[in-house]
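Here the structure is laid out as structure tokens; the discussion comes afterwards.
Read the numbers this way: they start at 1 and go in the same order the structure lists the ligands and their atoms.
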Amino acid sequence: MEPAALMKVSNLIKHYGDVHAVDDVSFSVPKAEVFTLLGPNGAGKTTTLEILEGIREADSGSIEIFGQQLRRIDRATKERIGVLLQEGNFEPYLKVREVLRLFASFFRSPRSPDEMLRAISLEEKANAFVKTLSGGQKQRLAIGVALINDPELVFLDEPTTGLDPQARRNIWSIVSGLTASGKTIILTTHYMEEAETLSQMVCIMDHGKVIAQGSPRELTARLGQETIVDFVAAEDSALPETLSPCCTIVRGEGGLVSVKTSDLVATLGRLLDWSRASGTPLAEMAVRQPNLEDVFLSLTGRRLRT
Ligand code: ATP
């Protein structure tokens with residue numbers, strides 16, 4: 001049985017002059033799951049989110065949220081949603097608990113700041129000034145602010161951009177805990193690992209359009225029985241011409257070469273022959289299953305991070 005949808009978006013359109021920022025976007029967000037909009041810079045993720053958060057108005061399209069059809073997100077709906085903005089800056093000379101108390105005062109039945117400090121593991125920093133927090137701690141505080149009204153639906157716009165791997169994992173664990181407690185998350189990211197790790201449902205966007213939707217497993221399964229061989233070669237080195245017909249070869253950043261094949265054994269044999277003959281070492285060679293980055297590449301011919 002399909003999980004119940006908390007939100008349904010139909011034919012959403014937002015143009016800025018000639019820029020089709022959101023171009024006929026439709027999707028459905030299941031309850032108590034992480035739903036991710038994945039796409040490169042400029043794909044239209046933030047604009048879509050801002051419309052759903054009530055910050056921007058769509059040119060056309062419809063939004064059904066909490067069982068109600070709305071043209072624009074109203075005040076009553078805003079009480080039930082939480083928003084982590086991409087560029088949330090707090091007053092540097094406020095203390096962490098004061099920030100939470102301030103935002104709590106905007107809502108009718110907020111959670112207590114101390115309860116929230118525990119939820120985001122910032123109890124030790126309760127009396128620290130915002131300006132002394134690390135990037136990861138600031139982001140956890142921003143998530144605390146987004147959750148202070150105990151929302152049913154939480155929007156997280158690129159919650160881990162610019163964070164180190166440890167801080168990123170801390171945020172991931174907070175997000176996973178939220179769905180376990182019944183909250184629904186709409187996340188945007190251009191990190192495919194983040195989408196793969198956190199989401200039950202992914203909607204891939206490019207140039208304002210949805211180009212694929214499904215669970216990470218469904219999306220990668222579309223690539224069939226293919227395997228990827230990655231290696232690193234000098235950016236100006238020639239690539240093997242003898243691998244086709246069972247392969248496609250794509251160059252990425254930093255000399256990364258990805259060979260997609262439906263016949264791994266034959267491809268490895270040919271790659272090794274080519275490496276010996278050309279004197280090109282297959283540096284950092286790895287064999288792996290396709291991921292969401294490969295899905296994006298197969299749909300657009302480009303990588304997510306360009
Ligand atoms: P990023 O990952 O960089 O945040 P995104 O997928 O969130 O990208 P948007 O920020 O929604 O993409 O931008 C979509 C397109 O709309 C881009 O081409 C952007 O330049 C354009 N755009 C966004 N906001 C405005 C605006 N206020 N005025 C004009 N164009 C805009």
Original post:
Aromatic ring centroids of F103 and F90 under 6.0 Å?
Top reply: yes

Original post:
OH of Y191 to CG of L163: how many Å apart, nearest 0.5 Å?
Top reply: 7.5 Å

Original post:
Going by the atom numbers of ligand 1, which of them fall below 4.0 Å from some non-hydrogen atom of T46?
Top reply: 4 (O), 5 (P), 7 (O), 10 (O), 11 (O)

Original post:
Taking only heavy atoms of P40, which atoms of ligand 1 are found under 4.0 Å from at least one of them?
Top reply: 6 (O)

Original post:
Would you say A43 and ligand 1 have an N/O pair spaced under 3.5 Å apart?
Top reply: yes

Original post:
So which pairs with a foot in residues 108-118 pass side-chain hydrogen bond (donor to acceptor under 3.5 Å, both in side chains), sequence neighbours left out?
Top reply: R97-D114, R111-E115

Original post:
Among the heavy atoms of G39, does any lie under 4.0 Å from an atom of ligand 1?
Top reply: no

Original post:
Do any N/O atoms on V19 end up under 3.5 angstrom from N/O atoms on ligand 1?
Top reply: no

**OP:** Could you tell me whether some N/O pair between E158 and ligand 1 is separated by less than 3.5 angstrom?
**Re:** yes

**OP:** Could you list all the ring pair (Phe, Tyr, Trp, His ring centres under 6.0 Å) pairs where at least one residue sits in residues 37-80, not counting sequence neighbours?
**Re:** none

Subject >> Heavy-atom neighbours of K78 NZ exceed 12 at 6.0 Å >> reply: yes

Original post:
If you measure from CD1 on I211 to CE on M205, what distance do you get to the nearest 0.5 Å?
Top reply: 9.5 Å

Subject >> Identity of the nearest option to atom 11 (O) of ligand 1, non-hydrogen atoms only, from T161, T47, D23 >> reply: T47

